Amino acid sequence: MNYKAIDMALPTQEKTMNHRVPAVEIVDLKKSFEDNHVLKNFNLTIQPHENVAVLGKSGSGKSVLIKCIVGLIKPDAGQIRVFGQDVVHLERQELDEVRSRIGFLFQSNALYDSLTVRENLEFPMRRLRLKKSKEQVDQMVYEALSNVGLPNVQDLMPSSLSGGMKKRIGLARTLIMEPRIILYDEPTTGLDPITSKEIANLMNDVHQKYNTSSIIISHDMSCIKRTAQRIVVLNDGIDYLEGNYEELKGSKDKIVRAFFL
Amino acid sequence: MSKLYQFLHETTDVSRFAVRFFSDGLKPPYETEEIIRQSYVIGYKSLPLVGITSFIMGLVLTIQSRPTLVEFGAESWLPSMVGISIIREIGPVITALICAGKIGSSIGAELGSMKVTEQIDAMEVSGTNPFKFLVATRIIATTLMLPILAIMSDAIGIYGSYLAVNIKDTVSFPLFYSQVFNSLSFGDIIPSVAKTFFFGFAIGLIGCYKGYHSDKGTQGVGRSANSAVVISSLLVFILDLIAVQIADLFYEL
Ligand SMILES: Nc1ncnc2c1ncn2[C@@H]1O[C@H](COP(=O)(O)OP(=O)(O)OP(=O)(O)O)[C@@H](O)[C@H]1O
Ligand SMILES: [Mg+2]
């Protein structure tokens with residue numbers, strides 16, 4: 001008997017009530033760009049309230065992987081389920097619904113550089129046409145900025161912020177929608193060790209406070225050690241190996257060792 | 001051969017982009033606020049440049065045409081001749097070229113850098129359709145603003161011409177004005193305004209297409225901006241050529 005078939009047959013409501021419905025479930029994911037076979041057969045399951053790091057060298061397809069989850073890139077084959085809902089074949093409106101529960105922190109921050117920090121934070125709310133009063137919106141903006149430790153930069157333009165501040169604002173912008181899942185694309189790359197540590201601590205705070213699940217893409221081992229309960233190594237398009245920090249650190253595998261040097 | 005293939009490939013892509021504008025971009029809900037903001041940026045901010053160039057064109061054209069007309073003793077035709085040139089051709093084309101340079105490049109660069117810094121992706125995941133918010137609003141704004149700019153350019157060009165006539169002669173403005181407008185017919189004005197809508201559409205479309213499909217890296221952004229200007233300027237002339245044929249069919253110029 002096929003387990004997956006049973007799972008599909010369950011009504012959605014029952015599935016969400018069922019505690020074992022994973023936050024994210026990726027099965028046999030494949031994606032190529034012409035002759036470049038980036039993801040060949042990738043599998044990953046993330047439980048609710050779990051932080052999983054995806055480790056892989058540059059160009060291994062980490063960003064492609066998480067862009068598939070939010071529907072920015074359409075996979076060639078395979079399934080992606082977010083809280084039991086298949087996201088690959090959704091219509092735009094349903095996809096937006098799923099996306100509103102996913103926070104995405106971009107590798108390049110992706111702050112809108114023609115808008116102020118405040119407008120950046122307001123943008124996702126305005127777009128989803130939440131009916132909120134001006135006071136409520138102001139309060140939410142203030143709260144999100146306080147959560148990342150920057151309550152006083154509301155009227156600055158992103159271009160006048162430092163790299164670490166931009167990362168924080170990017171995080172605040174995703175937090176304002178109170179996501180259930182956060183996808184971090186290299187949250188600490190390009191930052192000094194002290195700032196990296198602050199960002200990692202912030203990620204943990206968010207994890208506790210908002211009870212989120214996360215995928216953390218990184219090759220910064222100290223950040224991974226701090227934030228992730230489990231590590232999956234993405235190599236040659238497959239989920240090559242997984243384990244916790246200590247297990248990987250003790251691993252004899254040449255590819256895994258390379259990340260600890 | 002591969003150049004030809006690439007050209008045809010890109011032409012298909014641009015056409016698809018245009019089809020997407022009509023099918024996706026024009027669907028409600030409309031981004032009214034953003035359309036108004038873009039119209040302000042695109043229309044109002046181009047006005048000084050369009051104004052100055054049109055003024056100079058009107059002035060120069062009049063001064064240059066005068067000697068020939070004097071030779072035939074047809075000086076009195078100067079206002080109507082210059083008026084027709086400006087309204088039929090020079091106003092619309094000068095406006096379109098200036099806008100292709102100014103607006104085409106800025107749209108190409110802006111969307112291009114939004115693309116490479118993942119801002120367009122960020123918009124997409126936050127529930128905004130970037131095609132509607134960024135592309136459709138800009139194409140609508142250029143399509144609506146170009147005709148207005150062109151009409152202003154006509155007016156300023158004609159005023160420039162009036163000043164030029166007055167260097168050698170004294171003509172009162174009302175007389176000059178009536179000389180210009182008596183020689184004009186609907187066959188001059190309607191096609192000339194109509195084609196500016198198409199110029200505006202082409203400039204917005206190409207700028208957005210180039211920016212939206214920008215390659216990675218800052219070089220990609222530069223290339224987008226540059227080719228947006230080159231292609232939209234060329235397109236303005238091609239459209240002008242088509243427009244004159246069509247106008248000829250309807251009005252027998
Ligand atoms: N839109 C795209 N079109 C074509 N190729 C792409 C596209 N996006 C990614 N690629 C290719 O897929 C491969 C993986 O890219 P990806 O950005 O996922 O790498 P990454 O693992 O995130 O690397 P990094 O650590 O440098 O960010 C690269 O070879 C890249 O060239
Ligand atoms: Mg990446």
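From a predicted model like this one, the values you see are computed outputs, not experimental measurements. Just so it is clear: chains get the letters A, B, ... in the order the sequence lines come, proteins before strands, and each one is counted from 1.
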Roughly how far, to the nearest 0.5 Å, is the [atom2] atom of [Y] from the [atom1] atom of [X]?
{"X": "B/N129", "Y": "A/D96", "atom1": "CG", "atom2": "CG", "answer": "8.0 Å"}
{"X": "B/D121", "Y": "A/Q107", "atom1": "CG", "atom2": "CD", "answer": "11.5 Å"}
{"X": "B/S126", "Y": "A/M177", "atom1": "OG", "atom2": "CE", "answer": "8.0 Å"}
{"X": "A/L115", "Y": "B/Q119", "atom1": "CG", "atom2": "CD", "answer": "8.5 Å"}

Determine whether more than 12 heavy atoms belonging to other residues, nucleotides or ligands lie under 6.0 Å from atom [atom1] of [X].
{"X": "B/F55", "atom1": "CZ", "result": "yes"}
{"X": "B/Q219", "atom1": "CD", "result": "no"}
{"X": "A/M157", "atom1": "CE", "result": "yes"}
{"X": "B/F201", "atom1": "CZ", "result": "yes"}
{"X": "A/F33", "atom1": "CZ", "result": "yes"}
{"X": "A/Y210", "atom1": "OH", "result": "yes"}

Give, as side chain, backbone, both or neither, the part of [X] having an atom under 4.5 angstrom from any heavy atom of chain B.
{"X": "A/E97", "value": "neither"}
{"X": "A/F104", "value": "side chain"}
{"X": "A/L111", "value": "backbone"}

Are there residues of residues 66-76 of chain A whose heavy atoms fall under 4.5 Å of chain B's heavy atoms? If so, which?
A/K67, A/V70, A/L72
For A/A110, is there any backbone N or O sitting under 3.5 Å from a side-chain donor or acceptor partner on B/T117?
no
